[in-house]
Amino acid sequence: MKAFMDEDFLLSTPTAVRLYHEVAEKLPVLDYHCHISPREIAEDRKFENISQIWLGGDHYKWRVMRAAGITEDKITGNATDREKFHAFASVMPELMGNPIYHWSHLELQRGFGISEVLTAENADMIYDQCNEILKGHSARSLMRKFHVHAICTTDDPVDDLRFHGQIASETGMEIRVLPAFRPDRAVNIDKEGFSDYIRSLSEAVGRRLTSTAAVIDALCERMDHFSAHGCLCADHGLDYCMYEEPDPRLADKAFSAAMAGECPEKRLADAYKTRVTIACAKKYAEKNWVMQIHFGCLRNINRPQFAKLGADTGYDAVNSQSGVGNLAPLLNAFVENEGLPRTILYSLDPTDNTAITTIMACFQGGSMAGKLQQGSAWWFNDSRMGMRKQLTELAANGVFGRFVGMLTDSRSFLSYTRHEYFRRILCELVGEWVESGQYPEDKKYLDQLVTNLSYENTKKFFGF
């Protein structure tokens with residue numbers, strides 16, 4: 001019997017063990033999509049206790065705590081940080097098969113050198129141990145501990161990016177902290193607060209926005225501001241992938257309705273979203289940015305809890321009506337508009353994997369290998385099963401060796417262990433293929449393959 005999460009965790013063959021420990025383990029981290037606070041990096045925040053860094057804002061953990069019957073006061077409420085940690089620890093033994101069980105123990109091992117299995121019985125001891133170790137750490141020192149070379153945060157077009165500027169101006173800061181352009185609030189016209197947001201965008205560019213074309217111009221102007229701060233990519237978060245004929249008249253009808261406080265009908269809203277997205281894609285291509293498109297999410301579906309706690313608190317789910325078929329006309333529209341940037345496509349519905357890989361293959365070509373990418377297993381899919389499924393289906397219908405690898409999609413400075421989790425799963429899968437005779441045991445090429453999928457492909461694709 002193997003020991004629990006030992007040094008060869010998930011590495012089930014000699015080839016996997018060698019590839020991980022000799023190649024993948026030592027590579028730096030490039031985290032090209034995360035929700036880390038640039039302010040906390042700029043101010044080099046120190047955390048008073050592990051609950052602040054581990055449970056604060058982590059809706060993954062909040063969801064399982066609720067499902068296990070933990071009351072909200074010990075999740076997002078007024079309970080003490082020690083009580084919240086103890087409550088989470090009490091749930092841990094029940095999380096067999098959930099990636100949170102693995103992530104949490106990897107974070108304890110790598111962040112704090114703690115190999116004990118977390119339970120309610122030892123929660124207080126581990127809480128105190130972690131807090132003592134945290135006294136010697138800050139946001140930046142944790143990033144260095146995990147060998148982070150660069151990250152892309154997630155930033156609104158109206159953001160002044162002053163914290164990114166502060167970080168970039170420091171001569172002693174070797175980790176690149178770059179903004180990523182996230183125009184969701186200007187694109188998703190059917191969401192509450194759209195008209196208020198457009199007024200904020202108007203203030204950012206210093207003029208009133210009265211049409212779809214004006215919004216597009218404003219977004220393009222803000223992209224220039226982001227470029228000046230080193231931005232390399234944009235990210236669009238969509239509930240579903242839409243496509244509607246981008247008729248300016250239909251788009252402006254939607255815009256007028258939304259600015260009057262009405263929710264435009266779906267056809268009009270999709271015409272607006274499509275028109276703005278096509279225009280953004282063209283500008284990204286001109287700037288040589290990477291465009292990421294995340295879709296297939298039902299957001300804030302528990303309305304009473306959303307009213308109490310707001311967005312990103314654990315009330316989102318997979319949208320089985322993801323609109324994956326609309327990727328084809330949307331990408332085609334990018335091409336016809338002479339604006340198809342390097343693109344990464346993610347769906348929260350794992351049954352979309354093959355559709356994404358085969359649709360994007362129709363738009364590959366030209367001088368750049370892997371211009372369009374199927375994104376890594378996202379959100380509810382970044383488990384061992386989800387990652388293996390994504391990697392296997394990509395390999396079956398695409399070019400496995402060009403994949404751009406893993407990201408954290410996290411708000412925590414401890415979550416870089418998700419890159420380790422991915423690399424172990426990658427080496428496990430490659431090792432299985434080699435040792436079952438499906439791929440030759442070519443050490444030189446296998447080492448390069450794992451290096452590329454863990455680090456080099458990301459570096460080249462984004463231009464870090």
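As the structure is a computational prediction, the values presented were derived from the model and not from experiment.
- Under a 3.5 Å cut-off, the side chain of S415 and the backbone N or O of S412 do form a donor-acceptor pair.
- Under the 6.0 Å cut-off for aromatic ring centres, F194 and Y272 qualify, their centroids lying closer than that.
- Heavy atoms from other residues, nucleotides or ligands lying under 6.0 Å from CZ of R402 number 12 at most.
- With a 6.0 Å radius and a threshold of 12 heavy atoms from other residues, nucleotides or ligands, R39 has its CZ atom at or below the threshold.
- Here the side chains of Y32 and V404 are in contact, with some heavy-atom distance below 4.5 Å.
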Show, in sequence, the C-alpha distance, side-chain angles and deciding distance for Q390 and L394, and conclude whether the side chain to side chain contact (heavy atoms under 4.5 Å, CB included) test is met.
CA-CA 6 Å; Q390 184 268 336; L394 172 61; 4.1 Å; yes
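- The shortest side-chain heavy-atom distance between L178 and H164 does not fall under the 4.5 Å cut-off.
- Rounding to the nearest 0.5 Å places CG of L142 at 11.0 Å from CD of E40.
- More than 12 heavy atoms of other residues, nucleotides or ligands shown are found within 6.0 angstrom of NZ on K371.
- Residue E48 qualifies as open at atom CD: its count of foreign heavy atoms under 6.0 Å is 12 or below.
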Applying side-chain hydrogen bond (donor to acceptor under 3.5 Å, both in side chains), run through D31 and T408 and close with a yes or a no.
CA-CA 7 Å; D31 198 30; T408 64; 2.6 Å; yes
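- Side chain of N457 to backbone of G405: no donor-acceptor contact under 3.5 angstrom is found.
- The structure places CZ of R222 at 9.0 Å from CG of D156, a figure rounded to the nearest 0.5 Å.
- Put simply, the side chain of S169 gets close to the backbone of Q166: a donor and an acceptor are under 3.5 Å apart.
- In this structure, the ring of W433 has its center less than 6.0 angstrom from the ring center of F400.
- Going from atom CG of L331 over to atom CG of L345 covers 6.0 Å, rounded to the nearest 0.5 Å.
- R275 has no carboxylate O lying under 4.0 Å from a charged side-chain N of E244, or vice versa, which leaves the two without a salt bridge.
- A distance of 7.5 Å separates NE2 in H229 from CG in D160, rounded to the nearest 0.5 Å.
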Would you please test Q374 and N353 for side-chain hydrogen bond (donor to acceptor under 3.5 Å, both in side chains) and show each step?
CA-CA 8 Å; Q374 181 192 12; N353 286 347; 3.0 Å; yes
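- Counting only N and O atoms by type, the side chains of D81 and S51 include no donor and acceptor under 3.5 Å apart.
- For the atom pair R185 CZ and D196 CG, the distance stands at 8.5 Å (nearest 0.5 Å).
- With a 4.5 Å cut-off on side-chain heavy atoms, K61 and W103 do not count as touching.
- Counting only N and O atoms by type, the side chains of R45 and Q52 include a donor and acceptor under 3.5 Å apart.
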Report the C-alpha distance between F85 and Y127 in whole Å, list the side-chain angles of each, state the deciding distance to 0.1 Å, and finish with yes or no for ring-ring contact (aromatic ring centres under 6.0 Å, His included).
CA-CA 7 Å; F85 183 84; Y127 184 80; 5.3 Å; yes
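- Atom CD of E192 sits in a sparse spot, with 12 or fewer heavy atoms from other residues, nucleotides or ligands closer than 6.0 Å.
- Considering only heavy atoms from C-beta on, F181 comes within 4.5 Å of Y284 through its side chain.
- To the nearest 0.5 Å, the span separating CG on L201 from CG on L219 amounts to 5.5 Å.
- For the side-chain contact (heavy atoms from CB on, under 4.5 Å) with N188, the lone residue among K273, M242, H236 that qualifies is K273.
- Taking the side chain as every heavy atom from C-beta outward, E245 and L250 never approach each other to under 4.5 Å.
- Using modelled atom types, one finds no donor on one side chain facing an acceptor on the other under 3.5 Å when comparing E107 with S104.
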Please report the C-alpha distance between R388 and E428 in whole Å, then the side-chain angles of each, then the deciding distance to 0.1 Å, and finally whether the side chain to side chain contact (heavy atoms under 4.5 Å, CB included) criterion is met.
CA-CA 9 Å; R388 285 175 63 97; E428 175 192 34; 3.3 Å; yes
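- Between the side chains of D252 and S211, no donor N or O sits under 3.5 Å from an acceptor N or O.
- Counting heavy atoms from C-beta outward, Y240 and L298 have side chains that stay 4.5 Å or more apart.
- One side chain, T153 or D155, offers a donor N or O that lies under 3.5 Å from an acceptor on the other.
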side-chain hydrogen bond (donor to acceptor under 3.5 Å, both in side chains) between S200 and E203, worked out
CA-CA 5 Å; S200 297; E203 291 175 9; 5.3 Å; no
Apply side chain to side chain contact (heavy atoms under 4.5 Å, CB included) to residues T392 and L429 and explain how you reach the verdict.
CA-CA 9 Å; T392 301; L429 185 61; 3.9 Å; yes
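- Between F462 and F464, the two ring planes are parallel [angle under 30°; tilted spans 30° to 60°].
- The side-chain heavy atoms of D73 and N78, taken from C-beta on, include no pair separated by under 4.5 Å.
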Could you please spell out the steps behind the side-chain hydrogen bond (donor to acceptor under 3.5 Å, both in side chains) verdict for D409 and H35?
CA-CA 6 Å; D409 191 25; H35 298 274; 3.0 Å; yes
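- No donor-acceptor contact under 3.5 angstrom links the side chains of D349 and S320, judged on distance only.
- Put simply, the side chain of T76 does not reach to within 4.5 Å of the side chain of T313, judged on heavy atoms.
- Remark: R342 fails to qualify as a cation-pi partner of W289 under the 6.0 Å distance and 45° angle criteria applied to the six-membered ring.
- Cation-pi contact between R144 and F413: absent, since separation from the ring centre below 6.0 Å together with deviation from the ring axis within 45° is not met.
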What's the verdict on side chain to side chain contact (heavy atoms under 4.5 Å, CB included) for F403 and L449, showing C-alpha distance, side-chain angles and the deciding distance?
CA-CA 10 Å; F403 177 50; L449 176 74; over 6 Å; no
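- Dense packing is recorded around CE of M368, with more than 12 heavy atoms of other residues, nucleotides or ligands lying under 6.0 Å away.
- Checked against the 6.0 Å centroid threshold, H102 and Y421 count as a close aromatic pair.
- Taking 4.0 Å as the cut-off between side-chain N and carboxylate O, D239 and K191 count as a salt-bridged pair.
- No hydrogens or angles considered: a donor-acceptor pair under 3.5 Å links the side chains of E336 and N332.
- In this structure a side-chain-to-backbone donor-acceptor pair under 3.5 Å is missing from E338 to V335.
- Few gaps surround NZ on K283; more than 12 heavy atoms of other groups in view lie less than 6.0 Å from it.
- Dense packing is recorded around NZ of K287, with more than 12 heavy atoms of other residues, nucleotides or ligands lying under 6.0 Å away.
- In this structure, F146 and Y416 have tilted ring planes: the angle between them lies in the 30° to 60° band.
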ring-ring contact (aromatic ring centres under 6.0 Å, His included) assessment of W379 paired with H59:
CA-CA 11 Å; W379 198 344; H59 51 80; 5.7 Å; yes
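- The only member of K84, K308, R66 that meets salt bridge (charged side-chain N to carboxylate O under 4.0 Å, His left out) when paired with E72 is R66.
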